[in-house]
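Contents: one structure, followed by commentary.
Hydrogens, waters and symmetry mates are skipped; everything else that's a heavy atom, side chains included, is used.
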Amino acid sequence: MNKKNLYSVIAALILLGVFAYNHFLDEKEKAEIVEIGNTIKTNTNEYFLPTSTHGQIVHHEGYSLSYSEPHEQAEWVAYELKKAHLSSSNFKRPYFEIDDAVKTGAAHWRNYKQSGFDKGHLCPAGDRRYSKFAHDETFLTSNISPQEHEFNAGIWNKLEQKVRYWAGKYDGVFVITGGVLKDAMKTIGAEQVAVPNMFYKVLMDYNNGDPKIIAFLLPHEKSNKPLYEFVVSVDVIEDLTGIDFFSQLDDGIENKLEASSSYKNWSFN
DNA sequence: CTGGCGCGC
DNA sequence: GCGCGCCAG
C-alpha cells in the first residue's frame, strides 16, 4: 500500500467513526424521547384523546392522531405542549415521509406537489423542538393538511404562536387540531387529498386542576382579523365534525366547559 | 415562525 | 433523488 492509499483508508475510518458515533447519539436520544412520550401519555395525552369517527387512532411519541382514510389526512391530531417543550433550538427541516403506522396507507407527499397548497402541519414542527427526533417526527404525511399559503403563514401561524405563548404562560396546554372534514370536498393529487374549508383548534389548560377550555374555528382563507373573533364553543366544533372532545371529564364539568365561548380566562394581550 | 422551488451533483 | 440556497407571507 502506498502512502496515498494509506491516507485514504485512514480518512475513511475517521468518517466511519463519526457516522457511528452520530448514530449512537440518535439512538440514545430516541430512547429518551420514548420515555418522555410514555410519561406524557400516562398523564394527560391519552387521557384527553377525542373519539375517532373513523376508527384509526395512531400514536407517535410526540403526538397522537386519528386518520381519515377517505380524506387522506387526520381528522384530529392531539398532543400536550408543555412549558418544558418550548425551545429555541433550530433543526433543519427534513423531507416528509409516509406514516407507516397508518395501516390503510397515509397519503404520499407528491399529492401536494404543484397543487398550489402548502403541506400544512397539524402538530407544528415549532411545538416539537425539544429534540431532533420529536421535530422530525412531525414531518409525516399523516400530520399535514392542504393549506393555502397565505392562511398557513398568516392567521394560522399566528394562532400557533399564540398557543406557544399560552403554553409558557399557563405551564402547558393540551392541543387538539385538524381540518373540518366533510363529504364531497375539493381534492388534490392522485390520492385525492381533501382540502378543508375550515380548520379548528381546541385548547385545554388542566394545569391547576381547574380546567379551562378555548376553541377556535377558522375559515380556510387569509384573514387580518384578531384571533378572538374566531373563538367558538367546543359544542360548535363537535356538531361540525362529529368528534367528541374531553369525554373523559365529569359530565357536568364537560357540558359547562364545552358550551362556553367565553375567552375571558385566556390572555390575548 | 409558516412554507415552496430551482438548481446541481 | 437528495442537499442546498434563495424566495415569499
Answer yes or no: does a side-chain N or O of A:Lys119 lie under 4.0 Å from OP1 or OP2 of B:dG4? yes
Mapping A:Gly116 and A:Ser89 to their closest nucleotides on DNA chain B, which lands nearer the 5' end? A:Ser89
Establish, for the pair A:Lys186 and A:Phe117, whether the NZ or CZ atom is under 6.0 angstrom from the six-membered ring centre and no further than 45 degrees off its axis. no
On DNA chain C, does the nearest nucleotide to A:Glu150 precede the nearest nucleotide to A:Trp109 from the 5' side, or the other way round? Give the residue. A:Trp109
Separation of A:Trp156 atom CH2 from B:dT2 atom P, in whole Å? 13 Å
Reckon A:Lys92 touches a base, only the sugar-phosphate, or nothing at all at heavy-atom distances under 4.0 Å? sugar-phosphate
Among the nucleotides B:dG4, B:dT2, B:dC1, which one has an atom lying closest to any side-chain atom of A:Gln161? B:dC1
Can you spot which of A:Phe151, A:Phe230, A:Tyr200 makes a ring-ring contact (aromatic ring centres under 6.0 Å, His included) with A:Trp156? A:Phe151
Report the relative orientation of the aromatic rings in A:His135 and A:Phe91; use parallel for angles under 30°, tilted for 30 to 60°, perpendicular for over 60°. tilted
For a quick test of reading the model: is some side-chain N or O of A:His121 closer than 4.0 Å to OP1 or OP2 of B:dT2? no
What nucleotide, of B:dG3, C:dG3, B:dT2, holds the atom closest to the side chain of A:Arg164? B:dT2
How long is the line joining CG of A:Asn111 and P of B:dG4, in whole Å? 14 Å
Within this structure, what is the CZ-to-C1' distance between A:Arg93 and C:dC2, rounded to whole angstrom? 16 Å
Taking any heavy-atom pair under 4.0 Å as a contact, classify A:Gln147: base, sugar-phosphate, or nothing. nothing
How about A:Ile243 and A:Thr53: do any of their side-chain heavy atoms sit closer than 4.5 Å? yes
To the nearest Å, how far apart are A:Asp127 CG and B:dC1 C1'? 11 Å
Polar side-chain contact A:Tyr95-C:dG3 base: donor and acceptor under 3.5 Å: yes
Do A:Trp266 and A:Val173 pass the side chain to side chain contact (heavy atoms under 4.5 Å, CB included) test, and can you show the C-alpha distance, the side-chain angles, and the key distance before you say yes or no? CA-CA 12 Å; A:Trp266 298 78; A:Val173 289; 4.2 Å; yes
In A:Tyr79, A:Phe199, A:Tyr63, A:Phe139, the residue satisfying ring-ring contact (aromatic ring centres under 6.0 Å, His included) with A:His121 is A:Phe139
Measuring to OP1 and OP2 of B:dC1, would you say a side-chain N or O of A:Asn90 lies under 4.0 angstrom away? yes
What does A:Gly154 touch in the nucleic acid at a heavy-atom separation under 4.0 angstrom: a base, only the sugar-phosphate, or nothing? nothing
So, OP1 or OP2 of B:dC1: does either fall under 4.0 Å of a side-chain N or O from A:Arg129? yes
Distance check needed: B:dC1 P versus A:Tyr165 OH, whole Å only. 20 Å
Tell me the interatomic distance from A:Ile188, atom CD1, to B:dG4, atom P, rounded to whole angstroms. 11 Å
Phosphate oxygens OP1/OP2 of B:dC1: is one of them under 4.0 Å from a side-chain N or O of A:Asn157? no
Take the protein atom CD of A:Glu221 and the nucleotide atom P of C:dG9, then report the distance between them rounded to whole Å. 18 Å
A:Phe96 has an atom CZ; how far is it from atom C1' of C:dG3, in whole Å? 17 Å
